[in-house]
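First the structure, in the form of structure tokens, and then the observations on it.
Numbers restart at 1 for each chain; the letters A, B, ... are given by sequence-line order, proteins then strands.
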Number of protein chains: 2
Amino acid sequence: MNARRPYRREGEEARRAALIQATLDCIAEGGPQAATVRAIALRAGVTQGLIRHYFATKEELIAAAHESLMSRLTEASAARLDELPADPLARLSGFIANAVTPPVVDPRSMALWAASMQLVPRDPAMRAVHEGTYLAFRDRLEAMIAEALQAAGRQPPPGGTRALAIAGNALLDGLWIEGSLLPEHFAKNEMKSIAIKAFERLLDLELPE
Amino acid sequence: MNARRPYRREGEEARRAALIQATLDCIAEGGPQAATVRAIALRAGVTQGLIRHYFATKEELIAAAHESLMSRLTEASAARLDELPADPLARLSGFIANAVTPPVVDPRSMALWAASMQLVPRDPAMRAVHEGTYLAFRDRLEAMIAEALQAAGRQPPPGGTRALAIAGNALLDGLWIEGSLLPEHFAKNEMKSIAIKAFERLLDLELPE
DNA sequence: GCATAAATTATACGCTTGCATAATTGCCAA
DNA sequence: TTGGCAATTATGCAAGCGTATAATTTATGC
């Protein structure tokens with residue numbers, strides 16, 4: 001006569017958050033195929049039936065997890081913005097350094113990002129999220145570039161700052177990926193110094209730090 | 001009394017190649033989870049049992065497919081090198097343009113790349129392949145940068161060309177990703193022009209085209 | 001305290017998966 | 001022409017999957 005497993009009732013929000021967190025952990029650790037309903041439930045400390053109680057389908061849970069991940073990354077980035085100095089040049093420099101060093105550069109985030117990238121081409125919802133976060137980041141970068149140029153008394157190049165923002169964004173993306181994927185190939189502060197020097201040349205500007 | 005399905009005997013190499021191709025098609029279309037033994041066999045025009053005859057396990061087939069993909073990309077890149085002009089500046093310019101325009105920029109390649117990126121952190125073999133192809137591409141770029149600088153009579157910046165190659169590689173990677181992922185966000189030749197202008201500023205050099 | 005509703009566990013079902021193995025067929029050598 | 005062997009098909013199996021649903025326990029309001 002095995003006793004039934006005892007349990008505590010948690011609020012809906014807490015349980016949903018725990019399930020989402022467990023889902024992300026599973027994906028980060030073993031890829032999407034490791035994120036089975038049973039594995040997620042086990043990691044969240046509940047039995048598998050409970051998942052159905054909060055998410056009608058597994059697909060729904062995956063989508064919620066992705067949305068949570070992306071908004072968390074966006075929030076983190078926005079929060080950091082407030083911590084940056086007010087001077088436009090130092091501000092841009094800090095923003096760049098932030099994007100290519102831990103904790104933004106991180107194998108786990110990279111794994112999760114790669115997993116969602118895979119869904120973007122065929123899942124419209126995922127695509128919309130990616131589009132939104134990409135443009136938000138790029139627009140933020142473009143604004144900071146414009147302010148930095150203005151502060152230094154420089155003219156934006158012919159064609160405006162759009163091309164600079166696209167290139168700068170691509171540069172940061174690429175460095176983020178390689179820094180996360182092959183961290184031991186780069187010295188301690190190499191990424192930061194490479195990124196800032198590249199932006200200095202890109203913008204024809206001297207950046208602090 | 002249904003007749004048994006008729007078949008033709010193919011050489012081992014042809015069948016292996018067909019199975020690998022079918023595997024890549026499946027992954028590109030529906031992600032790794034869509035690459036089931038049955039789906040691959042169906043696409044290759046054989047029955048599922050045959051896969052076991054050529055690959056001891058599905059994992060082995062996946063690894064072979066990944067290796068094939070990567071070496072094909074490397075070969076394609078190397079083949080293009082011969083088609084580039086001899087003049088170092090035009091050569092670098094052509095190399096850059098090539099990296100950010102179709103057929104290199106391509107949603108299918110992007111999907112396959114994302115799928116393998118996911119495996120890099122936990123599969124040592126995948127990691128080794130990624131490391132090798134990344135460094136090969138970067139070294140090639142670094143050599144072309146050095147030649148272009150020399151041809152223009154410029155000195156490499158303090159710290160040498162390593163930093164420039166890392167940054168340039170990251171720039172191309174980032175543009176490749178976004179160009180493949182959100183193609184309709186960029187005008188016809190915008191990627192090419194952005195990439196070349198960015199390199200011009202990065203290297204303080206005028207590039208043709 | 002007790003009834004009641006909701007949260008959670010427990011169990012089961014049908015399907016798909018990767019893999020094994022037996023049965024057959026196409027092809028080449030003699 | 002015809003054996004014989006390897007390539008291929010066909011069939012089956014156990015495990016794991018997502019989902020459905022019934023049974024039970026926790027908490028809450030009266």
Side-chain angles (χ1 to χ4, degrees), chain A residues 1-27 29-66 115 118-119 122-123 125, chain B residues 1-27 29-66 115 118-119 123:
Chain A
M1 281 292 142
N2 278 337
R4 203 182 170 95
R5 164 208 266 232
Y7 61 94
R8 285 199 9 240
R9 292 183 149 187
E10 305 272 355
E12 165 163 353
E13 40 198 341
R15 273 280 136 87
R16 289 180 71 98
L19 289 172
I20 285 175
Q21 184 58 37
T23 303
L24 291 176
D25 288 344
C26 285
I27 295 177
E29 222 173 71
Q33 72 281 124
T36 69
V37 171
R38 285 164 179 84
I40 293 169
L42 180 67
R43 195 182 273 263
V46 298
T47 54
Q48 57 162 314
L50 193 60
I51 289 184
R52 262 277 290 177
H53 192 256
Y54 288 106
F55 300 93
T57 176
K58 185 194 169 185
E59 198 172 65
E60 196 175 292
L61 169 58
I62 298 287
H66 179 246
Q118 229 171 264
L119 302 180
R122 27 173 197 288
D123 184 333
Chain B
M1 281 290 144
N2 278 339
R4 203 183 169 96
R5 164 207 266 232
Y7 62 92
R8 287 199 7 242
R9 292 184 147 186
E10 306 271 356
E12 164 162 352
E13 40 198 341
R15 272 282 137 86
R16 288 181 71 98
L19 289 172
I20 286 175
Q21 184 58 37
T23 303
L24 291 175
D25 288 343
C26 286
I27 295 177
E29 222 173 68
Q33 72 281 123
T36 69
V37 172
R38 284 164 179 83
I40 293 169
L42 180 67
R43 195 181 272 262
V46 298
T47 54
Q48 58 162 315
L50 192 61
I51 289 184
R52 259 279 288 179
H53 192 256
Y54 288 107
F55 299 93
T57 176
K58 185 194 169 185
E59 197 172 66
E60 198 175 291
L61 170 58
I62 298 286
H66 179 247
Q118 227 172 264
L119 301 180
D123 184 332

Starting from P on dG18(C), measure out to CZ on R38(B) and report it in whole angstrom.
7 Å

Could you give the CZ-to-C1' distance, from R52(A) to dT11(C), as a whole number of Å?
15 Å

Contact list for residues 9-19 of chain B, test side chain to side chain donor-acceptor pair (under 3.5 Å), sequence neighbours left out
R8(B)-E10(B)

Reading DNA chain C from 5' onward, which residue's closest nucleotide shows up sooner: Q48(A) or G45(A)?
G45(A)

Taken to the nearest whole Å, CD1/I62(B) to C1'/dG18(C) is 12 Å

Span of DNA chain D, from the first to the last nucleotide whose atoms fall under 4.0 Å of chain A heavy atoms:
dC17(D) to dA27(D)

Nearest 0.5 angstrom please: H66(B) NE2 to I20(B) CD1, how far?
12.5 Å

Go along nucleotides 23-28 of chain C 5' to 3' and tag each nucleotide: B for a protein heavy atom under 4.0 Å from its base, S when only backbone or sugar atoms are that close, - otherwise.
BSBBS-

Quiz: residues 47-64 of chain A side-chain donor-acceptor pairs under 3.5 angstrom, not counting sequence neighbours:
residue, atom, partner, partner atom, Å
R52(A), NH1, A56(A), O, 3.0
K58(A), NZ, A35(A), O, 3.1
E60(A), OE2, A56(A), N, 3.4

Could you tell me how far apart E12(A) (CD) and dT8(C) (C1') are, to the nearest whole angstrom?
14 Å

NZ of K58(A) versus P of dT16(C): gap in Å, rounded?
16 Å

Residues two or more places apart in sequence or in another chain: which of them pass side chain to side chain donor-acceptor pair (under 3.5 Å) with D25(B)?
Q21(B), R108(B)

Between dT9(C) (P) and E10(A) (CD): distance, integer Å:
10 Å

My understanding is that only residues two or more places apart in sequence, or in another chain, count here; which of them pass side-chain contact (heavy atoms from CB on, under 4.5 Å) with A39(B)?
C26(B), T36(B)

How many Å lie between CD1 on I51(B) and C1' on dA20(C), as a whole number?
14 Å

Nearest whole Å is fine: how far is dC19(C) C1' from E59(B) CD?
14 Å

